[in-house]
Structure formats: C-alpha cells, structure tokens
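Naming convention: chains lettered A, B, ... in sequence-line order (proteins, then strands); numbering from 1 in each chain. Here the structure is a predicted model, which is why all the values come from computation and not from measurement.
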2 protein chains.
Amino acid sequence: MHDKNHSAYEIKGMPKDEHLSDLADLFKMFADSTRVKIMFALMDNELCVMDISGMLNMTQSAISHQLKILKSANLVTNRRDGKTIYYRLSDDHVKSIIAQGFDHILE
Amino acid sequence: MHDKNHSAYEIKGMPKDEHLSDLADLFKMFADSTRVKIMFALMDNELCVMDISGMLNMTQSAISHQLKILKSANLVTNRRDGKTIYYRLSDDHVKSIIAQGFDHILE
DNA sequence: TGAACATATGAACAACTATTCATATGTTGT
DNA sequence: ACAACATATGAATAGTTGTTCATATGTTCA
C-alpha cells in the first residue's frame with residue numbers, strides 16, 4: 001500500500017537539500033579514479049606533484065588540476081618546501097571513506 | 001620496462017587499476033544528489049517509483065532512470081507486487097557509506 | 001478485450017568534467 | 001639577473017551524464 005498524501009516534509013530523517021547536495025559533492029571527489037589514486041598514494045606519505053605524476057604515469061598538469069579540486073574540497077592540504085610543494089590528506093575521514101568503499105566492493 | 005601501465009603497479013599498497021576504477025564507479029553512485037535522495041528515502045522502507053517520484057518532486061521517468069542505474073550497481077533491488085514495483089536497498093553498506101559521508105560533512 | 005495504471009526505455013539535448021597544450025608564476029642557486 | 005626547476009592556470013576539446021519527451025512494456029480489473 002502506498003499513501004498518496006505524502007509530502008517531502010513528512011519524510012522522516014530526510015536531510016535538507018543543501019546537505020544532500022554537499023554529500024553528493026563530497027562523493028564526487030571520490031568518483032574519479034585519478035583522484036582516488038591520488039588519495040590512495042597520499043595515505044602513507046606526503047608527496048609532491050611530480051611524485052604523484054610519476055606514480056600514476058600522468059602529466060604534471062593533470063595531477064595539479066586534480067589536486068586543486070581536492071584541495072578546494074578540503075580533502076588535501078599542502079606545504080611548500082623550496083620549489084617543491086608537498087601534499088597530504090587533511091584528515092582521516094578520507095582513509096575511512098575509501099576503506100568503506102573497498103569493503104563494499106570486496107564482498 | 002617502460003610499459004605505460006606498469007609504473008602504477010609498482011606503488012606499494014596501491015590496488016590494481018581495475019579495483020580503483022570499481023571504487024570510483026561505486027562512489028559515482030553517491031555523487032548525484034538525486035540518487036542520494038533516493039537511497040536516503042529507501043533507508044527506512046521499501047518504496048515504489050511513484051512514491052519516490054512524489055517525495056522528491058521529480059518525474060517518474062527521471063526516478064526510473066536513476067533506479068535502473070542504482071540497480072545495475074547492485075545498490076538496490078526490487079520486487080513486483082501487481083502493477084507496482086517496490087525498491088529497497090540491497091544491503092547495509094549503502095547506509096554506512098552515506099553515514100560516513102555525513103560524518104565528514106558535519107564537522 | 002480494452003481501459004487505466006505503474007514502470008521502463010530510447011533518443012535528444014544541455015550541462016558538466018577530465019585531460020591536454022601552452023604558458024605563467026614562484027623558487028633556488030650561480 | 002638568469003637559467004633551471006616545480007607547480008599552477010586558462011582555454012579548448014572530447015567524453016560523460018542527468019533530465020525530458022514520447023512511447024513501449026507489463027499488470028489488473030471490468
């Protein structure tokens with residue numbers, strides 16, 4: 001049976017559109033394999049752009065663009081040391097989100 | 001070897017490209033606010049297409065297309081009861097992935 | 001069988017996105 | 001100041017994706 005008089009406001013526990021949009025935006029960051037690879041690479045150590053570029057066998061520009069996107073989402077931060085800029089994950093949520101994703105895949 | 005795909009596999013602890021692609025594909029499912037809303041709506045009860053369509057104030061077609069995508073990713077399943085087809089989440093990973101995402105946002 | 005209902009589907013279009021290429025910015029050592 | 005290096009950035013492009021519209025499939029009941 002279904003109730004035709006349901007309105008959006010009657011949905012229990014449904015967060016506001018704004019929050020659901022933010023949630024989707026967060027997952028967008030993990031929805032590209034290049035970005036996932038970058039985050040995976042940053043799990044253990046901080047790395048500079050050329051390190052990542054070499055590891056993933058992709059151009060410096062492509063990596064730099066993606067790092068900018070990840071930084072704008074506050075998933076990575078960086079520090080400058082001379083000419084080199086080292087990137088690292090900003091917090092442990094990144095690790096746990098990726099780990100949880102793998103849990104789902106490897107079952 | 002200077003095989004283009006070889007270098008990525010030399011990274012310690014870096015899963016294979018195929019798995020990282022699967023991971024990104026999984027997160028793609030959560031990277032659209034319509035799909036997140038649908039999954040959220042299915043957290044408590046199973047619902048038919050028109051229920052969801054009404055809740056989200058979107059066309060039946062749009063919801064049906066997205067449900068097909070979610071089903072192809074094995075995130076939802078369905079059962080037919082007469083004319084109506086009820087959808088539900090296929091497992092609890094969906095809930096925990098969304099919950100983890102919210103943890104990150106609400107801090 | 002036919003009408004009403006519930007859902008699925010294909011094509012088309014607009015919006016978005018990741019990469020490439022060329023170039024700019026910023027840093028170090030000479 | 002200049003050359004070499006490391007990274008950032010803007011524009012262009014190709015590929016992807018979500019929604020709409022029209023229509024098809026499948027089910028129930030009279």
Side-chain angles (χ1 to χ4, degrees), chain A residues 1-4 6 17 20-42 46-73 75-88, chain B residues 4-5 8 17 20-39 41-42 45-73 75-88:
Chain A
M1 282 213 166
H2 74 263
D3 179 0
K4 285 178 181 174
H6 265 318
D17 269 24
L20 290 165
S21 240
D22 289 346
L23 188 61
D25 286 344
L26 172 67
F27 285 122
K28 264 184 198 126
M29 294 299 117
F30 297 85
D32 174 78
S33 64
T34 299
R35 284 193 294 270
V36 170
K37 286 176 195 173
I38 290 174
M39 289 187 274
F40 218 101
L42 292 174
E46 64 179 8
L47 295 168
C48 69
V49 180
M50 283 311 266
D51 284 342
I52 301 171
S53 177
M55 282 179 175
L56 307 189
N57 201 32
M58 295 181 64
T59 66
Q60 172 269 322
S61 181
I63 301 300
S64 187
H65 277 295
Q66 295 300 342
L67 283 169
K68 185 187 177 115
I69 292 172
L70 288 171
K71 198 187 172 200
S72 77
L75 296 180
V76 304
T77 56
N78 57 16
R79 70 177 176 91
R80 177 182 281 278
D81 180 14
K83 287 176 285 190
T84 308
I85 297 183
Y86 290 98
Y87 282 83
R88 63 179 185 280
Chain B
K4 192 180 181 186
N5 293 321
D17 269 23
L20 291 165
S21 239
D22 289 345
L23 188 61
D25 286 343
L26 172 66
F27 285 123
K28 261 182 201 132
M29 294 299 120
F30 298 85
D32 174 76
S33 64
T34 298
R35 284 193 294 269
V36 170
K37 286 176 195 172
I38 291 174
M39 290 188 273
L42 292 174
N45 312 300
E46 63 178 8
L47 296 168
C48 69
V49 180
M50 283 311 265
D51 283 342
I52 301 170
S53 177
M55 283 178 174
L56 307 190
N57 201 33
M58 293 180 65
T59 66
Q60 173 268 322
S61 182
I63 301 300
S64 187
H65 277 297
Q66 295 301 341
L67 282 169
K68 185 189 178 114
I69 292 170
L70 288 171
K71 198 186 172 200
S72 78
L75 296 180
V76 304
T77 56
N78 58 16
R79 67 178 178 93
R80 177 182 280 279
D81 180 15
K83 286 177 285 190
T84 308
I85 296 182
Y86 291 98
Y87 282 85
R88 64 179 184 280

Looking at the base of dT9(C), is there any donor atom on it, or on the side chain of Ser64(B), that sits under 3.5 Å from an acceptor on the other one? no
Phosphate contact (dT17(C) OP1 or OP2) by Arg35(A) side-chain N/O below 4.0 Å: no
Distance in angstrom units between His65(A) NE2 and dT13(D) P, rounded: 15 Å
Closest to the Val49(B) side chain: dT7(D), dT19(D), dA8(C)? dA8(C)
Just how far, in rounded Å, is P of dA6(D) from CD1 of Ile63(A)? 16 Å
Does the protein touch nucleotides 24-29 of chain C at the base, only the backbone, or not at all? Give it as B, S and - per nucleotide, heavy atoms under 4.0 Å. --SBS-
Taking the side chain of Thr34(A) as its heavy atoms from C-beta onward, which of dT17(D), dT19(D), dA18(C) lies nearest to it? dA18(C)
Within the pair Tyr87(B) and dA6(C), is there a side-chain N or O less than 4.0 Å away from OP1 or OP2? no
Heavy atoms under 4.0 Å, any strand shown: does Ser61(B) hit a base, just sugar-phosphate, or nothing? base
How close or far is atom P of dA8(C) from atom CE of Met50(B), stated in whole angstroms? 12 Å
Does OP1 or OP2 of dT19(D) have a side-chain N or O of Gln66(B) closer than 4.0 Å? yes
Any Thr84(A) side-chain nitrogen or oxygen under 4.0 Å from OP1 or OP2 of dA6(D): no
Leu47(A) CG to dT7(D) P, in whole Å, measures 11 Å
Taking NZ from Lys68(A) and P from dT20(C), how many angstroms apart are they, rounded to a whole number? 18 Å
Considering only dT19(D), dT7(D), dT17(C), which nucleotide approaches the side chain of Lys28(A) most closely? dT17(C)
